[in-house]
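One structure is given here, and the rest of the page talks about it.
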Amino acid sequence: MSTELLIEVAAGEVRAAVLREGAVVDLVIERRGRPSLVGNIYLGRVQRVLPGMNAAFVEAGIGRAGFLDIDGARPAGRASEGAARIGDLVAEGDAVLVQVVRDPVGRKGVEFTCSIALPGRLLVLTPGEPRLVVSRQIEEAEAGRLAALAQPFADDQGGFIVRTAAAGVEAQALAAEAG
């Protein structure tokens, strides 16, 4: 199995990709001067609830309050159902665990979600979402095999997304990453 590391350095940005058998298995992009906050998890406090926008602003100690829309505020695993108003989900002063989904742009702060996802190379841990999902890019037979292998790791405390990179891996590799 051949593995390659490709690195590109450009003005203000470094990109690194790991390729196995010619397929990208990992990609990292780092921007100088302003590291990305995407994926960071914070315990924040709801600063303001804006019923007219169906959104809230959350202070998380990162300089400027971040934006939390109603879809991002819904409990994990129920993003498409439930409350029709932001005030039904959060109130001013509430402590909320949030993850950054978009970096700040101009005068706008970060965008948050309450659906936490912790990505690994083969699996994405989804705490609070007791379900197992297999990438749609994996063929049906292989998806069934991977679902059967990963099912024991998912429970009512959290589930997993089986990533495309998991296609063809052995049970031990999934077990090691599921921890």
Side-chain angles (χ1 to χ4, degrees), residues 25-31 33-138 143 146-147 149-166 174-179:
V25 294
D26 199 11
L27 175 67
V28 176
I29 300 174
E30 184 176 303
R31 292 180 176 88
R34 187 186 64 151
S36 176
L37 298 175
V38 172
N40 289 1
I41 299 171
Y42 299 95
L43 179 60
R45 188 156 308 275
V46 177
Q47 201 174 47
R48 276 193 350 220
V49 175
L50 304 171
M53 289 179 60
N54 232 1
F57 285 96
V58 176
E59 177 56 49
I62 54 176
R64 176 177 306 186
F67 183 77
L68 178 66
D69 67 12
I70 187 154
D71 288 331
R74 286 193 172 106
R78 298 192 308 219
S80 61
E81 60 183 65
R85 298 176 309 169
I86 191 78
D88 296 337
L89 300 171
V90 295
E92 291 182 14
D94 284 356
V96 289
L97 189 64
V98 291
Q99 186 170 27
V100 177
V101 294
R102 182 184 48 81
D103 278 321
V105 177
R107 294 182 48 169
K108 294 182 178 183
V110 299
E111 183 177 339
F112 288 126
T113 184
C114 291
S115 293
I116 308 299
L118 302 168
R121 191 174 67 78
L122 304 173
L123 302 169
V124 177
L125 172 64
T126 55
E129 293 189 44
R131 62 189 180 119
L132 180 70
V133 177
V134 178
S135 169
R136 289 183 294 198
Q137 295 177 4
I138 297 176
L146 290 169
L149 291 176
Q151 189 61 51
F153 310 127
D155 59 22
D156 59 349
Q157 298 298 309
F160 290 96
I161 299 169
V162 180
R163 301 180 79 170
T164 306
L174 287 179
E177 190 158 311

Where do [X] and [Y] come nearest, in terms of heavy atoms and distance?
X	Y	answer
Ala95	Leu43	CB-CD1, 4.3 Å
Gln137	Thr164	OE1-OG1, 3.4 Å
Leu37	Pro104	CD1-CD, 4.4 Å
Leu125	Gly159	CD1-O, 3.5 Å
Val98	Cys114	CG1-SG, 4.1 Å
Phe160	Ala178	CZ-CB, 3.9 Å

Any donor and acceptor pair, going by atom type alone, linking the side chain of [X] with main-chain N or O of [Y] inside 3.5 Å?
X	Y	answer
Asn54	Ile86	yes
Gln47	Val58	no
Gln99	Ala117	yes
Glu177	Leu122	yes

Among Val162, Leu118, Ile161, which one satisfies side-chain contact (heavy atoms from CB on, under 4.5 Å) with Val124?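 Of the listed options, the one satisfying the test is Ile161.
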
State the [atom1]-[atom2] distance between [X] and [Y], to the nearest 0.5 angstrom.
X	Y	atom1	atom2	answer
Leu146	Ile138	CG	CD1	5.0 Å
Arg74	Asp69	CZ	CG	9.0 Å
Arg102	Phe112	CZ	CZ	10.5 Å
Glu59	Arg48	CD	CZ	12.0 Å
Arg121	Asp26	CZ	CG	8.5 Å
Glu111	Leu68	CD	CG	8.5 Å

Would Lys108 and Arg64 count as a side-chain contact (heavy atoms from CB on, under 4.5 Å) here? Give the steps. CA-CA 8 Å; Lys108 294 182 178 183; Arg64 176 177 306 186; 5.7 Å; no

Using ring pair (Phe, Tyr, Trp, His ring centres under 6.0 Å) as the criterion, list what pairs up with Phe57, not counting sequence neighbours.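 Phe57 satisfies ring pair (Phe, Tyr, Trp, His ring centres under 6.0 Å) with Phe67 once adjacent residues are dropped.
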
